[in-house]
Peer 1: 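This is the structure, below, for whatever I ask next.
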Amino acid sequence: MELREFINFPGLTFPGLKITLLKPDIFFKQWYSWYSKIHSSHLESPLEVFHNHVYRLGIPDSHIVLMLADDMACNYRNPKPATVFSHKNMELNVYGDDVEVDYRGYEVTVENFLRVLTGRLPPSTPRSKRLLSDDRSNILIYLTGHGGNGFLKFQDSEEISNMELADAFEQMWQKRRYNELLFIIDTCQGASMYERFYSPNLMALASSQVGEDSLSHQPDLGIGVHLMDKYTFYLLEFLEEVHPASQANMNDLFKVCPQSQCVSTPGHRTDLFQRDPGSVLITDFFGSVRKVEITKDTINLTSPVEPPIKRSGSSDIQIESLTYVDQLPVAEIIHQKPKQKDWHPPDGFILGLWTLILLVFFQTYGIKHLKHIF
Amino acid sequence: HTHLNYKLGLTLQNRTSEALTPAAAARDEFQEELVIRPLHSGDIYASFQFRTLWDTDFLQEGQKVSHYRLFPKSLGQVLSKFSVRELHISFTQGFWRTMQWGQPFIPSPPGAELWVWFHDTVSDVDGNWKELTNVLSGIFCASLNFIDLTNTVQPSASFKPLGLGNATDHRFLRYATLPREIVCTENLTPWKKLLPCGSKAGLAVLLKSEKLFHSSFHSQAVHIRPVCQDEQCTSKAWELRQTLNVVFDLYTAGQGKKEWSLFKMFSRTLTEACPLATSSKVYVDITDNPELSPATPLLSQAVVLGDRRTYSVFDLTRAETFGQLRSLNLLLRWKGDGEMLRPLLHAERYVAGFGLQTGEIHTVIYNNHPYRAFPVLLMDSVPWYLQLYIHTLTVTSKSRDNKPSYIHYQPAKDRHRPHLLEMLIQLPPHSMTEVTVQFERALLKWTEYTPDPNHGFYVGSSVVSALVPSMVAMNTNFTQDQPLFSSFVPVKEESSYFVRVYTEPLLVNLPTPDFSMPYNVICLTCTVVAVGYGSFYNLLTRTFQVDEPSLPLAKRLANLIRRIRGVPLLT
C-alpha cells in the first residue's frame with residue numbers, strides 16, 4: 001500500500017513542488033554552494049529543515065532559490081498559522097521568521113524551473129529569482145514530491161521527465177553554469193530521474209529505486225497529514241551532525257537511510273562525477289565558507305543620528321507653495337471630457353469585409369456606371 | 001584592510017568621500033508609531049506606521065542619488081529607474097469588517113494591490129509598469145509578476161495622487177489587484193528589512209510572524225509619495241510610509257477575555273526605541289475609558305476619520321517610559337457595553353444567479369448618515385472572462401432609479417484588458433443603493449485554466465471613494481508633530497474627510513472542462529480503433545489457407561508404405 005496517497009494536506013486540491021537553489025555570490029568569488037529543492041505536499045521536510053541546515057552551514061538567503069507550490073504555513077486550515085513543524089512535538093518551527101520564498105503558488109511550473117536552471121529568464125526577472133551561478137559554483141538541487149518511473153509531478157497538472165532534466169543539466173554544462181552539481185530526489189521511483197544524466201560532474205542521490213515507493217515518516221494527528229518523508233528525515237538527522245568544519249564526505253551521505261529504516265532502497269550515481277566521492281566533503285554542497293581577514297586597526301564611526309531637521313524655517317523669498325491634489329473633485333469629474341480615443345486603422349476583418357463589399361459592388365455595376373451615381 | 005561582514009550597517013559601506021560632508025547629503029528622518037485601538041466586538045486593532053522623510057528629489061535631471069541612509073536603497077533605485085511619482089502597494093490577508101470594527105486608518109483590499117502614478121516624462125508607461133511589477137515581486141517575494149495587461153486598469157477619476165502635485169493626467173496611473181495573493185512570513189521578512197532598524201530595535205521587535213498571522217486581519221503596505229517638507233510647503237520631500245494593520249480576534253488569540261496586553265498580542269514587550277528614530281510613540285485609544293496600565297499622564301486628542309478620540313501617549317524615546325524593568329508591556333481591559341459609532345459608509349458585493357452560464361453582480365452601498373447626502377465614486381474592475389452586459393446596469397436607491405452623474409466604462413478585450421466601470425453616484429441620506437449588472441461566463445482555452453480551476457476565479461474588490469461629511473471639524477493645519485495616523489490622507493476642508501471602502505472580492509466558478517477527458521477519449525478511441533476497425537481490416541486483408549496438421553512419425557512411415565502399395569493414405 002502506498003502511504004503517499006494519504007499525505008495530501010486535507011482540503012488542498014493539489015500537491016505542489018518547491019525548489020530551492022543556492023546562487024553564488026559573484027563578487028566574492030568563493031565556493032558558494034547552489035542549493036535547489038522541490039518539495040511537494042511534504043512542505044515540512046525539505047523546505048524548512050533543509051533551509052535551516054543549509055542556512056546554518058553558511059549559505060545566505062540570497063543564494064537560495066526556493067520554490068513552494070503550496071502555501072501551507074498561512075493556509076486557513078493550519079491551526080497554527082505561519083508555522084510548520086517537522087516533528088509532532090512542535091519544538092522547531094521550520095518555517096522560521098526570515099524565510100524568503102522566491103517562486104510560490106502558480107509560479108512553480110516546469111517551465112519556470114527549467115528557465116531558472118538554464119538561465120533563460122525574461123530580462124525583467126529580479127535577481128532573487130535567478131540562478132546567478134558561474135563555472136565555479138557548486139549547486140545542490142533537492143526535489144521532493146510525487147513521482148514515478150521517469151517523471152516528477154508539478155502542481156497536479158504537469159510533469160517533468162528525466163530526459164528534460166538531463167537536457168537541462170547538459171545546457172547548464174555547456175553554458176558553464178556549474179562546477180559540480182549534487183542532485184537529491186525524494187520521490188517514488190526516484191532513481192529513474194537520474195538514469196538519463198549524461199553531463200559531467202553530476203552526482204545524484206535518490207530515496208528509492210525503480211519499482212519502489214518512498215514512504216513518509218510520521219503522521220501528525222492534529223492536522224491529519226504526515227510531516228516528513230523517511231528518507232528526508234534520516235538525511236536531516238545526518239545533517240544535524242555536520243558543522244561547517246566537518247570532514248564528512250559523500251560516502252557517508254550514501255549510507256544514509258538503509259533499507260531497514262527507509263523500507264525503500266536509496267540509490268546513488270557517481271559515474272559522471274570526476275572526483276572520488278570519498279574525497280568530496282558534504283560542506284562542498286551544503287555549506288559555504290567565506291574568507292575573513294581580521295584587522296587590529298580601529299575605525300572611527302561618526303554619530304549616525306543627525307539633529308532633527310527644522311522644518312518651520314521662514315523664507316524671505318516668495319516661492320509658490322505646493323498643494324496636495326483634491327481626492328474627489330466632484331465638479332471636475334462630472335465635467336471631465338471623455339478621453340479622446342486614438343484613431344487606429346481598421347482591423348483586418350473590417351478591411352477584408354469592406355474589400356469584399358467593394359469588389360462585389362464594382363463587379364455588379366462596373367466603373368463606368370459610377371458617374372451615374374455620383 | 002578589512003573585509004567587512006555584509007551584515008554591517010549601510011552607514012559604513014555607503015560612505016563615499018563626498019558624502020562625508022553633511023551639507024552635501026540630503027537630510028532624512030525616521031518616525032515610528034503604534035496605535036492600539038480596542039474594538040467594540042472585543043477584538044483589538046494595532047496599527048504600526050513607520051515613516052521616513054527624505055529631502056531629496058529622485059526625479060531631478062542630472063542628479064544621481066547614491067548616498068542612501070535611512071531610506072532603503074532598493075526602493076530608491078526603483079523610484080528613479082522607473083520615474084515613479086507615487087507608489088502604493090499593500091498585501092492583505094483577511095477582510096476588514098467595517099460594520100464591526102469601524103473604519104481602518106489605512107484601508108486595503110484582500111490580496112495584493114498596487115497602484116502607481118508615473119511621472120509625466122515617461123513615454124512608455126506600460127513598459128515601465130511591467131518591469132516595475134517584476135522588480136517589486138523580487139523585492140517582496142510575491143507573485144506580482146502575474147500583474148499584466150489583463151488585470152491592469154487605468155482609472156479615470158479614482159485614485160488621485162495622495163501626494164503633492166497639480167496636474168493629474170490619468171494616462172500615467174496604473175492600478176492592479178491580485179485578490180488571490182497570499183501573505184505569509186516570506187512577505188513580512190523583506191518588508192521588515194526595509195526599516196532602518198530592521199526588526200532589531202524599536203517598535204518592529206513586536207512584529208513576529210507567528211502572532212501576526214494568527215489574526216483576523218493582517219495588512220502590510222508601503223506608500224511612497226512626495227509631501228511638503230515643512231509648513232510653508234515650498235519644497236518637496238519624499239515620504240516612505242510602511243504601515244502594518246492587524247486585528248487580533250477575541251476568541252482565537254484572546255482566549256475570550258477582553259483583556260489584552262502587548263505580550264498577549266505579540267509575545268514580546270518593548271524595550272527601547274529605534275536609535276535612528278526622531279520620534280517613537282505608542283498611542284492607546286482611551287475614548288471609551290478602558291483600564292490602562294501603566295498609567296501615563298501624556299494625553300493627546302486627535303480628530304481622525306470624522307471622530308474626536310483621546311489617546312494615551314507613551315514616548316519610547318524617554319527612558320522613564322520603560323520603568324524599573326526596562327520593558328513596556330501595556331495592559332488594556334474594557335467592558336465594551338456601549339454603542340459603537342456607526343460607520344457612515346459601508347459597501348458589500350455579491351454574485352447572484354445560478355448555473356455556470358450567467359450571473360449578476362450586486363454591489364450594495366450604505367449611507368448611514370441621518371440627513372446628509374454625498375457623492376461616492378464606485379470603481380469596478382472585472383476580468384474579461386466575466387462578460388458584462390452594461391445595458392443591464394441598474395442603479396437604484398430607495399427602490400427608485402438613481403442616475404449617476406458620471407459614468408466611465410471601458411469594455412474588456414478578450415485576453416487583453418479587463419472591464420473598467422467608474423460611476424459617480426449621489427447617495428441619498430440614510431439609504432441603501434444597489435448597483436446590479438448581469439454577466440455571462442466565458443469558456444477559457446484549456447491552457448488558461450489554473451491547476452485548481454474548480455476552486456473558482458477571483459474578481460477583485462470594488463473600490464468606493466467618498467468625501468464623507470464629518471460630525472466633528474477636521475484639522476486642516478499641517479504640523480510637524482501631528483501623529484502619523486491622522487496625517488496619511490491630506491485634509492483640505494474641515495467638514496468632510498476622505499474615505500475609501502473596499503468590498504469583498506468575488507469568487508466565481510467558470511464552466512470548467514473535465515480535464516481527465518483527453519485520457520478517456522484516447523482510451524475510447526484506441527479501443528474503438530483496435531476492436532472495430534482492426535477487425536474490419538483483418539477481415540478484408542487476411543487470406544485463409546487450410547493447413548494440414550503434421551502426422552506423427554509412425555503414421556508417416558505407414559503412409560510411405562501405403563503410397564508404394566497404392567492404397568488410400570491415412571490422415
Side-chain angles (χ1 to χ4, degrees), chain A residues 13-14 60 71 73-75 80-83 93 95-102 104-107 122 124-129 155-158 291-293 295 297 299 301-302 304-306 308-309 311-315 319-330 333-334 336 338-339, chain B residues 1-3 5 11-12 22 27 29 55 93 130-131 134-135 137-139 141 143 156-157 160-161 163-166 168 182-186 189-190 208-210 213-214 228-234 236 275-276 278 375 377 405-406 424 450-452 454-455 465-467 480 489-490 492 498:
Chain A
T13 53
F14 58 95
D71 165 50
C74 288
N75 195 290
K80 291 184 165 46
T83 59
N93 173 20
Y95 209 66
D97 217 11
D98 51 3
V99 67
E100 283 184 24
V101 181
D102 303 297
R104 59 182 198 170
Y106 297 141
E107 286 176 295
S124 49
T125 317
R127 286 176 68 93
S128 58
K129 286 185 160 169
Q155 297 261 26
D156 225 8
S157 64
E158 285 185 305
K291 284 199 169 61
V292 176
E293 283 178 31
T295 178
D297 304 330
I299 302 167
L301 296 173
T302 53
V305 183
E306 284 157 20
I309 311 162
R311 292 180 184 280
S312 48
S314 57
S315 65
I319 312 171
E320 213 184 279
S321 65
L322 307 156
T323 50
Y324 287 100
V325 182
D326 241 337
Q327 286 303 304
L328 196 69
V330 177
I333 292 172
I334 294 176
Q336 209 164 331
K339 227 172 26 155
Chain B
H1 185 40
T2 340
H3 287 272
N5 188 313
T11 46
L12 205 52
R27 307 278 283 281
E29 65 171 335
D55 301 338
Q93 178 204 62
K130 185 84 191 110
E131 283 194 40
N134 277 311
V135 168
S137 86
I139 295 178
C141 286
S143 357
S156 64
K160 294 250 180 258
L164 290 175
N166 33 16
T168 55
I182 36 165
V183 188
C184 206
T185 315
E186 64 261 19
T189 308
K208 290 292 163 199
S209 52
E210 295 108 39
F213 290 103
H214 198 47
C228 294
Q229 229 179 68
D230 50 28
E231 273 128 22
Q232 271 77 19
C233 211
T234 46
K236 282 192 200 176
L276 298 168
T278 50
L377 190 57
S405 32
Y406 169 77
L424 188 68
T450 52
D452 54 347
N454 289 300
H455 178 83
S465 322
L467 275 172
Q480 271 302 105
V489 182
K492 287 219 145 175
F498 179 71

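Residue numbering restarts at 1 for every chain, and letters A, B, ... go by the order of the sequence lines. Values reported hereafter were calculated over all heavy atoms of this structure, with side chains retained and with hydrogens, waters and symmetry mates removed.
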Peer 1: If I take atom NE2 from residue His214(B) and atom OG1 from residue Thr83(A), how far apart are they, to the nearest 0.5 angstrom?
Peer 2: 9.0 Å
Peer 1: Which one of Ile182(B), Thr168(B), Ile139(B) has the most heavy-atom pairs closer than 4.5 Å to chain A?
Peer 2: Ile182(B)
Peer 1: Between Lys236(B) and chain A, with a heavy-atom cut-off of 4.5 Å, which part of the residue counts as in contact: side chain, backbone, both or neither?
Peer 2: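 Contact with chain A: backbone and side chain both.
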Peer 1: Do side-chain atoms of Arg104(A) reach the backbone of Glu186(B) as a donor and acceptor pair under 3.5 angstrom?
Peer 2: no
Peer 1: Given that the side chain runs from C-beta out, which part of Thr185(B) has a heavy atom under 4.5 Å from chain A: side chain, backbone, both or neither?
Peer 2: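 Backbone plus side chain of Thr185(B), per the 4.5 Å heavy-atom cut-off to chain A.
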Peer 1: For chain B, find which of Pro122(A), Ser157(A), Pro126(A) contributes the most heavy-atom pairs closer than 4.5 angstrom.
Peer 2: Pro126(A)
Peer 1: Restricting to non-hydrogen atoms, name the atom on Pro81(A) and the atom on Phe213(B) that form the minimum distance, rounded to 0.1 Å.
Peer 2: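 Nearest heavy atoms, Pro81(A) then Phe213(B): CB-O, 3.5 Å.
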Peer 1: With distance as the sole test, does Lys492(B) use its side chain to make a donor-acceptor pair with the main-chain N or O of Gln327(A) at under 3.5 Å?
Peer 2: no
Peer 1: Rounded to the nearest 0.5 Å, how far apart are CG of Leu424(B) and CD1 of Ile333(A)?
Peer 2: 5.5 Å
Peer 1: Please tell me if the side chains of Pro375(B) and Val330(A) come closer than 4.5 Å, counting only heavy atoms from C-beta onward.
Peer 2: yes
Peer 1: Which atoms form the tightest heavy-atom contact between Ala82(A) and Ser209(B), and what is the distance?
Peer 2: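 Looking at all heavy atoms of both residues, the closest pair is CB-O, 3.5 Å.
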Peer 1: Heavy-atom pairs under 4.5 Å with chain A: which of Gly163(B), Ser465(B), Ala157(B), Ala466(B) has the most?
Peer 2: Gly163(B)
Peer 1: Let me see the working for Phe498(B) and Asp326(A) under side-chain contact (heavy atoms from CB on, under 4.5 Å), right down to the final yes or no.
Peer 2: CA-CA 10 Å; Phe498(B) 179 71; Asp326(A) 241 337; over 6 Å; no
Peer 1: What's the spacing between Gln155(A) CD and Thr450(B) OG1 if we round to 0.5 Å?
Peer 2: 9.5 Å
Peer 1: Can you list the residues that meet the disulfide (SG to SG under 2.5 Å) rule with Cys141(B), with sequence neighbours excluded?
Peer 2: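 Cys141(B) satisfies disulfide (SG to SG under 2.5 Å) with no other residue.
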Peer 1: Can you see which heavy atom on Asp452(B) is nearest to which on Tyr106(A), and at what distance?
Peer 2: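 Closest pair (atom of Asp452(B), atom of Tyr106(A), distance): OD1-OH, 2.6 Å.
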Peer 1: Got a second to check how far Ile334(A)'s CD1 is from Ser405(B)'s OG, nearest 0.5 Å?
Peer 2: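 Spacing of CD1 (Ile334(A)) from OG (Ser405(B)) equals 4.0 Å.
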Peer 1: How far apart are the closest heavy atoms of Leu164(B) and Val325(A), and which atoms are they?
Peer 2: C-CG2, 4.5 Å
